[in-house]
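What you see below is based on every heavy atom in this structure, not just the backbone, and it leaves out hydrogens, waters and symmetry mates. It should be emphasised that the depicted structure is a prediction, and the values quoted were computed from it without experimental measurement.
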Amino acid sequence: MQIHFIEGYIQQIYLVEYPDKLLLLDGCTRADVDIVCHFICKELSRPITDLKLIIVTHMHPDHAGGAHLLRSRSGAKIATAKVAGHWYSGLDGILMHWSDMILALWVAGRKKKARKNLWYARKLAADYYLADQERLPYFNEWQAIYTQGHTDRDLSIYHVTTQRLYVADLFVKVRGQFIPPYPIFYPNRYRRSLQRIRKLKPASIILAHQGEIPFTDIDFDRIEQLAPHVPVTHWRSVKAKTKKALGLHQPLPPK
């Protein structure tokens with residue numbers, strides 16, 4: 001088993017290679033689909049149909065945006081967390097879906113990347129819905145671990161044999177320091193997820209936006225201290241500012 005680290009549009013792409021099959025640890029962005037296909041066919045000299053499973057750890061553009069298109073090109077199956085409903089459901093979901101794609105383009109701009117089409121379906125049609133601690137289809141060495149908080153359906157993917165853990169956006173590294181991600185919709189769940197990873201004690205942790213890091217290099221105490229106690233989201237901020245602009249936050253005058 002070999003994990004290939006590929007530079008994506010705004011995140012790292014992790015492609016796991018076996019002699020007879022390939023596993024993609026996250027659905028990446030729509031802009032990464034050609035990159036993944038090129039790497040499989042040209043760099044690995046393998047047919048695209050060797051891609052058997054695509055994990056979607058959560059529904060943000062850099063984790064789910066390329067999943068459907070990659071499935072249509074390769075025939076791979078999509079697996080995600082077994083959580084009821086869709087992340088981007090209802091009117092709020094439609095607007096949040098747009099705002100998340102805009103935020104992804106802003107991140108690309110900060111990285112001096114050209115603007116690209118990031119559109120993807122806001123409702124994921126997965127083939128497998130994984131329970132907590134369930135082994136992955138076709139890849140029994142890998143296990144789904146629920147690490148919610150960033151959203152309501154975050155998955156981490158654990159390679160039991162080598163004790164390597166892909167945590168997606170559980171935390172990020174900024175200016176040399178590990179900090180909680182932005183946004184955090186469920187702060188209590190987030191703290192429980194951090195505690196769960198501390199208890200698991202994997203040999204190394206693989207981050208969506210950083211690479212692979214020894215577990216002992218991560219200051220979990222500091223991350224927990226920085227973690228919010230109330231939801232901190234760009235969407236919450238947008239809605240609050242909109243209500244303020246419309247005067248909807250003001251109490252009704254007394255009769």
Side-chain angles (χ1 to χ4, degrees), residues 2-17 22-44 46 48 50-51 53-74 76 78-80 87-88 93-126 150-151 153-157 166-175 178-183 205-213 233-235:
Q2 181 179 359
I3 301 179
H4 297 282
F5 295 68
I6 308 165
E7 183 67 30
Y9 186 54
I10 61 172
Q11 80 297 324
Q12 297 290 320
I13 302 168
Y14 300 105
L15 183 68
V16 185
E17 183 180 17
L22 301 168
L23 165 67
L24 191 63
L25 289 184
D26 230 334
C28 55
T29 73
R30 182 188 181 100
D32 295 313
V33 169
D34 287 342
I35 294 172
V36 172
C37 293
H38 180 273
F39 189 88
I40 293 172
C41 297
K42 301 300 182 182
E43 299 296 327
L44 300 183
R46 300 182 63 151
I48 191 64
D50 277 1
L51 180 60
L53 189 66
I54 302 161
I55 303 297
V56 171
T57 61
H58 60 290
M59 281 301 295
H60 287 156
D62 49 338
H63 300 268
H68 285 163
L69 188 53
L70 278 167
R71 178 172 60 185
S72 69
R73 291 193 184 183
S74 66
I78 296 173
T80 194
W87 177 244
Y88 293 120
I94 293 171
L95 297 175
M96 187 164 63
H97 183 230
W98 276 96
S99 69
D100 284 342
M101 286 186 285
I102 292 169
L103 180 61
L105 287 172
W106 178 83
V107 172
R110 292 288 299 270
K111 290 176 170 285
K112 302 188 184 305
K113 299 287 185 73
R115 187 178 292 263
K116 294 190 177 183
N117 178 16
L118 298 185
W119 177 260
Y120 66 109
R122 64 185 176 89
K123 294 183 179 180
L124 182 69
H150 181 48
T151 73
R153 60 198 65 215
D154 302 271
L155 279 180
S156 291
I157 309 299
Y166 173 65
V167 298
D169 288 345
L170 185 63
F171 47 87
V172 297
K173 192 173 186 180
V174 176
R175 298 187 182 91
F178 295 106
I179 63 172
Y182 181 85
I205 285 181
I206 304 171
L207 299 172
H209 298 275
Q210 183 62 38
E212 187 168 12
I213 299 151
T233 74
H234 58 286
W235 181 235

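- Of the options Ile6, Leu23, Ile3, Leu25, a side chain to side chain contact (heavy atoms under 4.5 Å, CB included) to Leu15 is made by Ile6 and by none of the others.
- No more than 12 heavy atoms of other residues, nucleotides or ligands shown are found within 6.0 angstrom of CH2 on Trp98.
- Residues Val36 and Cys28 approach most closely at CG2-SG, 4.2 Å, considering heavy atoms.
- Considering all non-hydrogen atoms of both residues, Leu207 and Tyr166 come closest at C-CE1, 4.2 Å.
- When His60, Gln11, His63 are each tested for a side-chain hydrogen bond (donor to acceptor under 3.5 Å, both in side chains) with Asp169, only one passes: His63.
- Residue Asp26 is tested with Leu155, Asp62, Thr57 for a side chain to side chain contact (heavy atoms under 4.5 Å, CB included); the sole match is Thr57.
- Atom OH of Tyr120 and atom CG of Asp100 lie 6.0 Å apart (nearest 0.5 Å).
- Rounding to the nearest 0.5 angstrom, the gap separating the CG atom in Leu170 from the CZ atom in Phe178 is 11.5 Å.
- For the atom pair CD of Glu17 and CD1 of Ile40, the computed distance is 9.5 Å after rounding to the nearest 0.5 Å.
- Between the side chain of Arg30 and the backbone N or O of Gly65, no donor-acceptor pair lies under 3.5 Å.
- Considering every non-hydrogen atom in both Ala168 and His58, the closest pair reads CB-CE1, 4.3 Å.
- Side-chain contact between His4 and Ile13 is absent, with no heavy atoms from C-beta onward closer than 4.5 Å.
- The shortest non-hydrogen separation linking Ala126 to Thr80 is CB-CG2, 3.8 Å.
- The residue from Glu212, Glu7, Gln210, His209 that alone fulfils the side chain to side chain contact (heavy atoms under 4.5 Å, CB included) condition with Gln12 is Glu7.
- Between Met101 and Thr29 there is no side-chain heavy-atom pair separated by less than 4.5 Å.
- One finds the CH2 atom of Trp106 at 11.0 Å from the NZ atom of Lys111 (value rounded to the nearest 0.5 Å).
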Would you check, one step at a time, whether the test side-chain contact (heavy atoms from CB on, under 4.5 Å) holds for Val172 with Ile179?
-> CA-CA 6 Å; Val172 297; Ile179 63 172; 3.6 Å; yes
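- Atom-to-atom distance recorded for Arg122:CZ and Leu95:CG is 9.5 Å, nearest 0.5 angstrom.
- Taking a cutoff of 4.0 Å between a charged side-chain nitrogen and a carboxylate oxygen, Asp32 and Lys116 do not qualify as a salt bridge.
- His97 and Tyr88 have tilted rings, their planes meeting at an angle from 30° to 60° on a 0 to 90° scale.
- With rounding to the nearest 0.5 Å, the separation of CG in Leu70 from SG in Cys37 is 5.5 Å.
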Decide side-chain contact (heavy atoms from CB on, under 4.5 Å) for Leu105 and Tyr9; before the verdict, give the C-alpha distance in whole Å, the side-chain angles of both, and the deciding distance to 0.1 Å.
-> CA-CA 10 Å; Leu105 287 172; Tyr9 186 54; 4.0 Å; yes
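- Annotation for Phe171 and Pro181: closest pair CA-CD, 4.1 Å, computed over non-hydrogen atoms.
- Between the side chain of His150 and the backbone N or O of Tyr182 there is no donor-acceptor pair closer than 3.5 Å.
- The shortest distance between side-chain heavy atoms of Leu22 and Arg46 falls below 4.5 Å.
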Candidate pair Leu124 and His68, rule side-chain contact (heavy atoms from CB on, under 4.5 Å), full reasoning | CA-CA 8 Å; Leu124 182 69; His68 285 163; 3.5 Å; yes
